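Structure first, commentary second.
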Amino acid sequence: MALAKILQLQWPLAGTGVVTITVSGTFSATGWNLKYDLTGSALTLNEPSGRYASELLGLRLQGTAQARGDTVSTAATLNLNAGQAYVEPIFADLGTHPLRLNFDLRWLQKTQQLELTRLAWDQPGVTQGSGSVLAHLGATPAVHTAALTLESGTLPAFAQIYAQPFLAGTRAEGLTGRGTLAGSLRIEGGHVRQAELTLDDVALQAPRLDTDLQGIRGAIHWSVAAGKPSLLSWTTGHVQHVPIGATQLAFLAQGRDFTLLKPWRQPILDGALNTQQLKLTDVGLAGMGADFKADIEPIDLAALCEALGWPKFSGKLSGTLPGLTLRGGVVALDGKLEAKAFDGDISVTGLQLIEPLGVLPRLVATVRLRNLDLAQLTGAFSFGRIEGRIDGDINNLRLLAWQPVAFKARLFTPPDDDSRHRISQRAIDNISSIGGGPRGVLSRGILSVFDDFNYARIGWSCVLDNDVCLMDGVEPAGDGAGYVLVKGRGLPRINVVGYSRRVRWSQLVQQIEAVRTAEPATTTPQ
């Protein structure tokens with residue numbers, strides 16, 4: 001039986017819009033063939049769970065449909081060209097970015113199987129692609145197999161519509177950029193088996209990570225089984241306001257593992273980070289592991305501090321990271337971490353970082369400072385200027401949530417230091433204040449005419465436990481009550497004496513911060 005028009009309906013949807021449907025076709029004992037045209041305008045719908053919604057949506061669906069036995073198939077074109085739509089978590093303004101879908105679809109009633117044998121989409125200025133999908137829509141709906149090809153994705157619109165909703169609440173929230181993307185995705189057995197992404201002159205900005213990369217090119221390949229190497233490069237950018245230069249990164253991404261395939265040199269300011277080894281295993285799982293080995297080509301400290309917004313130290317930063325490993329949530333140092341800064345040497349041994357991404361990260365380490373230039377170290381602060389060299393030992397260092405909870409620390413003038421030893425009035429006054437001594441003595445009387453003084457030795461120690469710092473100096477004071485923090489030399493001789501032995505660590509930190517802006521003064525002449 002054939003009908004020229006078997007159905008034509010038009011009705012308002014309870015004030016939420018208007019739908020017009022025109023259907024024509026033929027029926028027989030074995031099935032039917034239809035041609036349909038559906039137009040919707042000003043559709044405003046709200047699904048009760050809030051997972052789907054539309055406002056003033058405009059659409060047109062045109063196609064043909066056939067039924068044979070328990071199989072229904074259709075070939076159709078869907079144009080979404082007005083209003084707004086939300087399908088959790090994606091929101092699209094279709095008036096600004098209309099979307100066109102062409103598809104061939106089969107529905108198998110007996111197996112509850114939906115087959116998109118042909119799918120093509122075109123959203124000008126945003127994305128274009130094609131693919132096929134096989135899904136089961138029974139009690140637990142799921143995509144069984146899929147092969148999707150992103151022929152082009154244009155930033156920033158593609159990131160805003162299709163990437164940012166999935167990044168909400170993460171460190172990559174707000175990701176945007178410019179340029180074009182392409183890629184593919186393959187699903188088998190309900191699991192993603194392979195993904196590829198190609199970038200051509202792409203720029204990416206991640207505000208919460210304070211990261212900006214320009215001129216990104218390359219291809220990223222990932223697969224569950226043995227995959228192809230990936231190659232990624234960028235021309236310039238910054239991380240945490242620190243400028244970085246052009247580089248190329250070759251790696252293998254397979255399953256939950258990441259392996260650097262050849263040494264990676266990342267220019268940073270006037271130096272670089274040279275990574276010889278980087279391997280991550282079980283990424284995203286509680287048992288994630290890592291192996292890392294690198295060295296630092298000399299970086300200008302003043303420029304680095306300026307970029308990071310830190311006090312401006314002078315000198316160079318360089319060093320080696322001999323081998324960092326992550327096992328069972330513990331980052332451990334294999335050997336000695338060595339760095340050069342303030343014209344001296346800094347080393348860290350016995351480093352262990354426990355649950356670094358947890359709620360209460362813990363750190364254990366021993367730190368050695370040797371032959372640091374005090375002029376470079378103090379020149380960045382208003383604490384006062386000190387010339388000479390300083391050594392230091394920080395044993396049994398324990399940090400909890402990045403705050404010190406225990407250590408045995410000592411700073412002291414090296415026994416063989418033959419450099420010039422001078423200390424300013426302001427530094428004398430602030431050291432005295434930290435040690436619990438008097439302030440402002442040198443601002444009065446004849447000593448006020450001297451800008452700085454000679455000293456023989458400087459020394460300070462602290463044993464921290466249970467938020468209490470037990471302090472000492474280079475030797476007992478002559479009065480038997482205090483301890484010498486700065487031992488003077490020559491005339492006029494100035495000794496800085498401390499009297500506070502037990503100080504709460506939190507109070508001491510506040511005091512050190514406060515003296516950076518205190519008025520200059522100092523201690524008693526001897």
Side-chain angles (χ1 to χ4, degrees), residues 238-245 247 263-278 291-325 331-353 363-381 383 385-397 399 402 404 407-422 427 457-460:
H238 74 256
V239 177
Q240 297 291 315
H241 297 291
V242 178
I244 60 175
T247 191
W264 170 34
R265 183 181 184 274
Q266 174 59 70
I268 302 173
L269 292 168
D270 60 338
L273 174 67
N274 292 312
T275 302
Q276 289 87 38
Q277 178 180 341
L278 175 58
D291 293 279
F292 177 68
K293 184 177 181 180
D295 63 73
I296 302 172
E297 293 180 22
I299 298 173
D300 182 60
L301 259 179
L304 181 62
C305 293
E306 182 177 6
L308 293 171
W310 294 350
K312 200 170 182 179
F313 297 111
S314 60
K316 294 280 187 177
L317 173 66
S318 62
T320 60
L321 293 85
L324 288 173
T325 62
V331 177
L333 178 67
D334 180 17
K336 181 190 296 185
L337 188 156
E338 296 180 312
K340 290 189 175 294
F342 311 115
D343 199 31
D345 299 309
I346 302 172
S347 66
V348 179
T349 57
L351 175 67
Q352 285 193 334
L353 182 54
L363 182 142
V364 179
T366 294
V367 182
R368 296 282 182 269
L369 314 174
R370 291 296 180 264
N371 208 35
L372 271 58
D373 186 342
L374 276 170
Q376 290 187 20
L377 190 59
T378 61
F381 299 102
F383 182 87
R385 182 175 178 81
I386 307 174
E387 296 180 51
R389 297 282 172 165
I390 194 78
D391 283 358
D393 296 318
I394 308 174
N395 296 315
N396 302 318
L397 174 64
L399 302 183
W402 311 114
F407 60 69
K408 293 182 179 179
R410 185 170 73 104
L411 300 173
F412 55 94
T413 301
D416 58 350
D417 179 25
D418 58 1
S419 63
R420 170 184 164 96
H421 288 185
R422 299 289 287 180
R457 287 186 295 155
I458 287 178
W460 172 82

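Every value quoted in this text rests on a predicted model; they were computed, and no experiment measured them.
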Mind checking whether L308 and V242 have side chains closer than 4.5 Å, heavy atoms only?
-> yes
L363 side, atom CG; L397 side, atom CG - distance, nearest 0.5 Å | 6.0 Å
Approximate separation, where rounding is to 0.5 Å, of D334 CG and L351 CG = 11.5 Å
Just by modelled atom types, is the N274 backbone N or O under 3.5 Å from a matching donor or acceptor in the Q266 side chain?
-> no
I268 side chain near I296 side chain, heavy-atom distance below 4.5 Å | no
To the nearest 0.5 Å, what is the distance between NZ (K340) and CD1 (I346)?
-> 10.5 Å
What distance do L374 atom CG and L372 atom CG have between them, rounded to the nearest 0.5 Å?
-> 7.5 Å
Do L333 and L353 have side-chain heavy atoms sitting under 4.5 Å apart?
-> no
Ignoring hydrogens and geometry, is there a side-chain-to-backbone donor-acceptor pair from T275 to A294 under 3.5 Å?
-> no
With a 3.5 Å cut-off and sequence neighbours excluded, list the donor-acceptor pairs that the side chains of residues 385-393 form with protein atoms.
residue	atom	partner	partner atom	Å
E387	OE1	R420	NE	2.9
E387	OE2	R420	NE	3.4
R389	NH1	D343	O	3.2
R389	NH1	D343	OD2	3.3
R389	NH1	N371	O	2.8
R389	NH2	D343	OD2	2.8
D391	OD1	N371	N	2.7
D393	OD1	R368	NE	3.4
D393	OD1	R370	NH1	3.1
D393	OD1	R370	NH2	2.9

For atom NZ of K408, decide whether the heavy atoms of other residues, nucleotides or ligands shown that lie under 6.0 angstrom number more than 12.
-> no
Step by step, would you call E306 with D300 a side-chain contact (heavy atoms from CB on, under 4.5 Å)?
-> CA-CA 10 Å; E306 182 177 6; D300 182 60; over 6 Å; no
Taking atom CD of E297 and atom NZ of K316, what is their separation to the nearest 0.5 Å?
-> 11.0 Å
Under 4.5 Å between any side-chain heavy atoms of H421 and T413, yes or no?
-> yes
Say you draw a straight line from OG1 of T325 to CD of Q277; how long is it, rounded to the nearest 0.5 Å?
-> 10.0 Å
Using a 4.5 Å cut-off on heavy atoms from C-beta on, say whether the side chain of K336 contacts that of T320.
-> no
Side chain to side chain contact (heavy atoms under 4.5 Å, CB included) with T366: which of N395, I394, V348?
-> N395
Give the minimum heavy-atom separation between P322 and G335, together with the two atoms involved.
-> CG-C, 4.1 Å
